[in-house]
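Worksheet for the structure shown next.
Because the structure is predicted, anything quoted here is derived from the model rather than measured.
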Amino acid sequence: MISPPARFFSRQFRANEAKLHPLNYLFWECTWRCNLRCAHCGSDCHCASLIPDMPFADFISAVRPFRQRYPHQHITVIITGGEPLLRSDLAYCGAHLREEGFRWGIVSNGLCYTPARHAELLGAGMGAITLSLDGLESTHNRFRTHPDSYAHVVEALRLIALSPRLSYDVVTCVHPGNLEELPALLELLLRLGVRAWRIFTIAPIGRAARRNDLQLDGSQLVRLMDFIERERTNRRLDLKFSCEAFLGNYEGRVRDGLFFCRAGINIASVLVNGDICACPNIHRSFAQGNIYRDSFVEVWEKRFTDMRNRSWMKTGECCQCPEWTDCLGGAMHLRLPHHQGPCTCLYQRMHTD
């Protein structure tokens with residue numbers, strides 16, 4: 001059970017963060033191009049996107065004013081996509097972010113992560129990287145729809161694990177096809193020297209909205225949480241469940257602290273078309289402005305009310321939920337457009353399936 005003091009202090013902390021809303025993580029969706037066509041893609045990116053890459057000059061012009069109002073050294077820019085390594089100017093972008101005083105990192109599928117690219121990005125000041133590994137070889141390659149994806153990401157992890165100044169982690173999206181592989185995957189990560197592992201389920205958004213077979217049922221979710229809790233007790237690496245959903249009694253046991261969706265509170269994004277949003281996976285109808293017509297700083301300071309006061313999310317099944325006060329309707333990326341409600345609820349699934 002979550003203790004009453006833990007619930008109280010978590011609610012107070014969350015309310016204070018929503019009031020102050022310090023920006024800590026800024027995602028830049030620099031491209032919609034991708035060299036894979038993954039089954040679970042939340043943004044449904046394409047190999048040849050009709051949307052052009054955002055010019056770096058446009059992005060940096062929009063975020064530079066943060067230097068005048070906020071301690072920009074506390075803001076990490078996370079470059080994502082699509083696949084950011086498809087940009088030939090990625091190191092140039094990173095180096096100029098460092099010159100502007102921003103820390104930066106990337107989220108990548110690892111397919112193009114070569115030793116030369118590794119050295120180039122480190123030289124440009126890259127401080128963080130997240131790579132995806134979604135099962136053992138055949139499962140990962142089938143999921144990522146590329147016969148060599150597994151080999152490339154494993155070699156990328158070998159490189160990264162040998163770079164002590166890099167902050168990095170591996171993310172795994174769990175579905176019925178790879179749930180049983182998690183113990184073996186853990187042993188692989190340990191052999192590679194990986195220190196941090198984040199586990200997600202697959203949200204029914206983007207391309208995955210058409211794939212009901214990728215959803216864990218209630219008993220599978222319980223098995224997943226039990227695996228995470230057990231391995232966290234073993235402390236062989238920093239393993240945690242993501243911040244995607246309230247989990248009832250598993251709170252505080254499968255991740256550090258209690259559930260807190262920071263979208264629009266500590267996290268913002270600039271999407272490839274200039275839209276200003278919270279995390280990039282949130283439905284684009286929740287965009288709060290656009291850098292080509294609005295001041296990003298003013299949008300951050302004066303908008304995002306839907307994220308900072310989530311009382312509107314108490315609709316449908318959430319109205320009668322006994323955990324509303326601590327869940328507040330779950331993660332924003334699971335919310336349907338036009339305030340229709342959540343597209344799924346892991347807590348309900350674990351308690352009703």
Side-chain angles (χ1 to χ4, degrees), residues 17 21-34 38 41-45 49 51 53-56 58-66 70 72-87 89-90 93-94 96-98 100-109 121 125-132 167-169 171 173 198 200 203 205-206 242-244 260-292 294 296-297 299-300 303-304 306-308 331-335:
E17 287 291 283
H21 50 266
L23 180 61
N24 301 132
Y25 288 95
L26 172 57
F27 287 87
W28 177 32
E29 188 184 60
C30 69
T31 182
W32 247 33
R33 292 181 294 138
C34 191
C38 303
C41 181
S43 55
D44 206 4
C45 296
S49 174
I51 302 175
D53 295 356
M54 177 180 286
F56 176 71
D58 296 357
F59 174 75
I60 197 63
S61 295
V63 304
R64 185 179 287 124
F66 274 96
Y70 298 98
H72 56 276
Q73 67 270 21
H74 295 165
I75 301 173
T76 299
V77 175
I78 304 297
I79 305 176
T80 184
E83 173 50 52
L85 288 172
L86 292 182
R87 286 186 67 124
D89 65 345
L90 186 59
C93 299
H96 281 74
L97 283 169
R98 290 295 297 170
E100 295 281 350
F102 296 101
R103 296 177 297 181
W104 69 280
I106 67 171
V107 177
S108 173
N109 60 41
L121 296 175
M126 181 178 72
I129 182 169
T130 292
L131 289 175
S132 296
S167 174
Y168 70 92
D169 65 358
V171 298
C173 294
R198 268 186 303 150
F200 290 74
I205 59 177
S242 69
C243 59
E244 64 182 284
F260 181 11
C261 176
R262 296 175 179 269
I265 296 173
N266 306 119
I267 296 172
S269 63
V270 175
L271 305 182
V272 71
N273 66 345
D275 280 351
I276 301 166
C277 202
C279 83
N281 281 336
I282 290 176
H283 194 275
R284 295 177 186 234
S285 65
F286 289 105
Q288 303 294 300
N290 188 287
I291 64 167
Y292 294 112
D294 302 303
F296 183 23
V297 173
V299 169
W300 178 254
R303 302 184 193 179
F304 286 95
D306 279 349
M307 286 73 162
R308 295 166 189 168
M332 278 296 305
H333 75 280
L334 297 178
R335 282 279 148 174

Beyond-backbone contact of [X] with [Y], side-chain heavy atoms, under 4.5 angstrom:
X      : Y      : value
Asp58  : Tyr292 : yes
Asn266 : Pro22  : yes
Trp104 : Ile79  : yes
Phe27  : Leu271 : no
Phe260 : Glu17  : yes
Val63  : Ile75  : no

Could you tell me which residues satisfy ring pair (Phe, Tyr, Trp, His ring centres under 6.0 Å) with [X], sequence neighbours excluded, listed by chain and number?
X      : value
Phe102 : His72
Trp28  : Phe56, Phe59
Phe200 : none

request  = Quickly, which of Leu85, Thr80, Ile78, Val77 forms a side chain to side chain contact (heavy atoms under 4.5 Å, CB included) with Ile106? Name it, please.
outcome  =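 Checked Leu85, Thr80, Ile78, Val77 against Ile106; only one passes side chain to side chain contact (heavy atoms under 4.5 Å, CB included): Leu85.
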For a quick test of reading the model, state the closest non-hydrogen atom pair linking [X] to [Y] and the distance between them.
X      : Y      : value
Phe304 : Ile276 : CZ-CG2, 4.0 Å
Ala278 : Ser269 : O-OG, 2.5 Å
Pro84  : Leu90  : O-CD2, 3.7 Å
Glu100 : Ile60  : CG-CD1, 3.7 Å

Which residues pass the salt bridge (charged side-chain N to carboxylate O under 4.0 Å, His left out) test with [X], sequence neighbours left out?
X      : result
Asp89  : Arg87
Arg98  : none
Arg303 : Asp294

query = Would you call the rings of Tyr70 and Phe66 parallel, tilted or perpendicular if under 30° counts as parallel and over 60° as perpendicular?
reply =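 Tilted, since the angle between the ring planes falls between 30° and 60°.
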key: Check: Gly264 main-chain N/O paired with Arg308 side-chain donor or acceptor under 3.5 Å   =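 Flag set: sc Arg308 to bb Gly264 pair under 3.5 Å.
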Main-chain N/O of Asn273 paired with Asn290 side-chain donor or acceptor, under 3.5 Å =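 Here the side-chain-to-backbone pair exists.
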For the [atom1] atom of [X] and the [atom2] atom of [Y], what is their distance to the nearest 0.5 Å?
X      : Y      : atom1 : atom2 : value
Leu23  : Thr76  : CG    : OG1   : 9.5 Å
Arg103 : Leu97  : CZ    : CG    : 12.5 Å
Leu334 : Ile205 : CG    : CD1   : 7.0 Å
Glu29  : Asp275 : CD    : CG    : 9.5 Å
His333 : Cys279 : NE2   : SG    : 7.0 Å
Arg335 : Met307 : CZ    : CE    : 12.0 Å

ask   = So, Glu83 versus Ser108: side-chain donor-acceptor pair below 3.5 Å or not?
value =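 Yes, a side-chain donor-acceptor pair sits under 3.5 Å.
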